[in-house]
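All chains are named by letter (A, B, ...) in the order of the sequence lines, taking the proteins before the strands, and each is independently numbered beginning at 1.
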Number of protein chains: 2
Amino acid sequence: MSDRPLQEPTLLLLTALADEPRHGYGLIQEIDAISHGRVRMRTGTLYGALDRLLQQGLIEVQREEVVDGRARKVYALASAGRSTLAAETARLRSVVEEAERRLAGRRASAARPKGALA
Amino acid sequence: MSDRPLQEPTLLLLTALADEPRHGYGLIQEIDAISHGRVRMRTGTLYGALDRLLQQGLIEVQREEVVDGRARKVYALASAGRSTLAAETARLRSVVEEAERRLAGRRASAARPKGALA
DNA sequence: CCTATATATATCGGCAACCGTCATATGATG
DNA sequence: CATCATATGACGGTTGCCGATATATATAGG
C-alpha cells in the first residue's frame, strides 16, 4: 500500500491501458507509440510492473487467449487503476504547470515565506 | 550521465529553484507550498538529491551565508538544470495530456499497430 | 535444413533513488 | 530546562527500474 507517486514507466503502462485492454507485448509497442519512440520498455520492467499493479488491484487479467499458437494474457485497467491514473495525472499536471510558470519567469501560486527578505 | 527521467521529488526540487535561489530548508518549505502540502520532502531525500544534482551540474552552490548563527548553503539552478527542467516538463506534459485524452474516452495520437485486428 | 527475426511471457541480479530515522547544533519560546 | 523551529547531514532499508538471459512458436531467407 505504498502511496508513493507513480514513476513514469508505470504511468505509461496505465495510460496504455486506458483506452482498451492489451497484452504484455502489445503494451510495449503502445508505449513506444505514446512516447513517440522515446521509451522502449524492457520486459524486465514490464512484467515486474504488471505483477505489482495486479497485486495493487490497479489492473486485472481480463482473459487469456492463444493467437497463432502463442499464448497471451490480456490486461485491463481496473476501476481503482482508472481513478489512480486520474489522480496522478491531475497532480502531475499541476506540477508541470507550476514548473512552466516559473521557467517563463512569472512568479506564481506558491506562497512566499512569511519572514521573507529583500 | 543517466538519461533516466527525473522522479517527482527531483522535479519538484528543480521547480522550487526555478524562480530564485534557495537554501535546503527553504526548499522543503517551498515544495510543501508548490504541492499544496501534499509533499513533505524528507531531509534524507533532500540532501541526497542535492548532492546528486550538484554532481550532475544541474544546480550549483551560489553562496554560503550565516543567518542568526545558523549556516546556510544557497543553491541555484544551473543553466543545464534549467534546460533539463524544460525538457522534462515538455515530456511529462505530453504524457499527461495523452493520459487525459484516454481517460476522457477519446482515442488519440498513438498509432494503432499495423497488423491490427478487429 | 538452419538461422534469424518478430511475437510473446517470465525470472534474476544489480543499481540508483527515495525514504525513515537518527545525529548535531543554534535561537526563540514557554 | 524543555520544546519547537531552523538548519545540515549520514546511514540503512526498500523498491522500482533495467540489462541480461531463458523459453517457445511462427515466418522469412539463405
Side-chain angles (χ1 to χ4, degrees), chain A residues 1-14 16 21-32 35 38-56 58-59 61-75 84 88 113-117, chain B residues 1-14 21-32 35 38-56 58-59 61 63-75 84 88 113-117:
Chain A
M1 220 68 54
S2 57
D3 214 13
R4 316 238 313 259
L6 298 182
Q7 294 192 34
E8 226 201 314
T10 306
L11 189 77
L12 285 166
L13 263 183
L14 295 184
R22 297 175 196 276
H23 63 281
Y25 196 78
L27 283 168
I28 291 177
Q29 298 171 117
E30 184 66 9
I31 286 173
D32 191 288
S35 69
R38 285 186 290 257
V39 177
R40 302 269 158 80
M41 179 162 290
R42 315 292 164 162
T43 62
T45 304
L46 178 73
Y47 293 102
L50 288 177
D51 283 347
R52 186 172 19 97
L53 293 171
L54 279 171
Q55 214 178 335
Q56 292 173 343
L58 302 186
I59 63 173
V61 177
Q62 193 195 55
R63 64 180 189 277
E64 303 189 39
E65 58 187 20
V66 176
V67 176
D68 290 329
R70 293 183 219 97
R72 289 177 169 181
K73 278 184 192 162
V74 177
Y75 300 89
T84 294
E88 286 291 300
K114 33 296 139 96
L117 36 96
Chain B
M1 223 77 36
S2 57
D3 216 13
R4 318 236 314 259
L6 298 182
Q7 295 192 33
E8 226 201 313
T10 305
L11 189 77
L12 285 166
L13 264 183
L14 295 184
R22 296 175 196 276
H23 64 282
Y25 195 78
L27 284 167
I28 292 179
Q29 297 171 117
E30 185 66 11
I31 286 172
D32 191 287
S35 69
R38 285 185 289 255
V39 177
R40 302 269 159 78
M41 179 162 290
R42 313 292 163 164
T43 61
T45 304
L46 177 72
Y47 292 102
L50 287 177
D51 284 346
R52 184 171 21 96
L53 293 171
L54 279 171
Q55 214 179 335
Q56 292 173 345
L58 301 187
I59 63 175
V61 176
R63 65 181 188 276
E64 303 189 39
E65 57 187 21
V66 176
V67 176
D68 289 329
R70 293 183 218 99
R72 289 177 170 179
K73 278 184 192 162
V74 178
Y75 300 90
T84 295
E88 286 291 301
K114 13 8 224 313
L117 37 97

Participant: For B/K73 and D/dA7, is the shortest distance between a side-chain N/O and OP1 or OP2 below 4.0 Å?
Facilitator: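 Answer is no, no contact under 4.0 Å.
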Participant: Return the value, rounded to whole Å, for the distance between atom NE2 of A/H23 and atom C1' of C/dA10.
Facilitator: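 Rounding to the nearest Å, NE2 of A/H23 and C1' of C/dA10 are 15 Å apart.
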Participant: Calculate the interatomic distance between A/E30 atom CD and C/dT7 atom P; express it in whole Å.
Facilitator: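 Answer to the nearest Å: 14 Å.
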Participant: B/R52 side chain N/O closer than 4.0 Å to the phosphate oxygens (OP1, OP2) of C/dA17?
Facilitator: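 Result: yes.
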Participant: For atom CZ of B/R40, is the number of surrounding heavy atoms from other residues, nucleotides or ligands below 6.0 Å larger than 12?
Facilitator: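 Open: at most 12 neighbouring heavy atoms sit under 6.0 Å from CZ of B/R40.
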Participant: When rounded to the nearest 0.5 angstrom, what is the spacing between CG in A/L12 and CD1 in A/I28?
Facilitator: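 Rounded to the nearest 0.5 Å, the CG-CD1 separation comes to 12.5 Å.
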Participant: Using a cut-off of strictly less than 4.0 Å, decide whether A/R42 has a side-chain nitrogen or oxygen near OP1 or OP2 of D/dG19.
Facilitator: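 Checking A/R42 against D/dG19: at least one side-chain N or O falls below 4.0 Å of OP1 or OP2.
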Participant: Separation of A/R70 atom CZ from C/dT9 atom C1', in whole Å?
Facilitator: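 Taking CZ of A/R70 and C1' of C/dT9, I get 12 Å after rounding.
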Participant: A/T10 has a side chain; which of D/dC18, C/dA10, D/dG16 sits nearest to it?
Facilitator: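 In terms of side-chain proximity for A/T10, the closest of D/dC18, C/dA10, D/dG16 is D/dG16.
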Participant: Would you indicate which nucleotide in C/dC18, C/dT9, D/dT8 comes nearest to any side-chain atom of B/Y25?
Facilitator: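 Side chain of B/Y25 sits closest to D/dT8.
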Participant: Give the rounded distance in Å between these two atoms: CZ of A/R72 and P of C/dA8.
Facilitator: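 After rounding, the gap between these two atoms is 4 Å.
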Participant: Where each residue is assigned the nucleotide of DNA chain D containing its nearest heavy atom, which of A/G69 and A/L6 is assigned the position nearer the 5′ end?
Facilitator: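 The residue mapped nearer the 5' terminus is A/L6.
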Participant: Please report the distance, rounded to the nearest Å, between CG in A/L12 and P in D/dG16.
Facilitator: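 One finds 16 Å between P of D/dG16 and CG of A/L12, rounded.
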Participant: Checking all strands, does A/T43 fall into the base, sugar-phosphate, or nothing category for heavy-atom contacts under 4.0 angstrom?
Facilitator: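 Base: the residue A/T43, judged by heavy atoms under 4.0 Å, touches a nucleobase.
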Participant: Nearest whole Å is fine: how far is D/dC18 C1' from A/L46 CG?
Facilitator: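 Value for this atom pair: 12 Å.
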Participant: Whole angstroms only, please: what is the CD-P distance between A/Q29 and C/dA6?
Facilitator: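 Taking CD of A/Q29 and P of C/dA6, I get 11 Å after rounding.
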Participant: Hey, does A/G44 reach any base, or is it just sugar-phosphate, or nothing, if we go heavy atoms under 4.0 Å?
Facilitator: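 It contacts base atoms.
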Participant: For the OG1 atom of A/T10 and the CG atom of A/L50, what is their distance to the nearest 0.5 Å?
Facilitator: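 With rounding to 0.5 Å, OG1 (A/T10) is 9.5 Å from CG (A/L50).
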Participant: Nearest whole Å is fine: how far is C/dT21 P from B/M41 CE?
Facilitator: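 Distance, rounded to whole Å: 17 Å.
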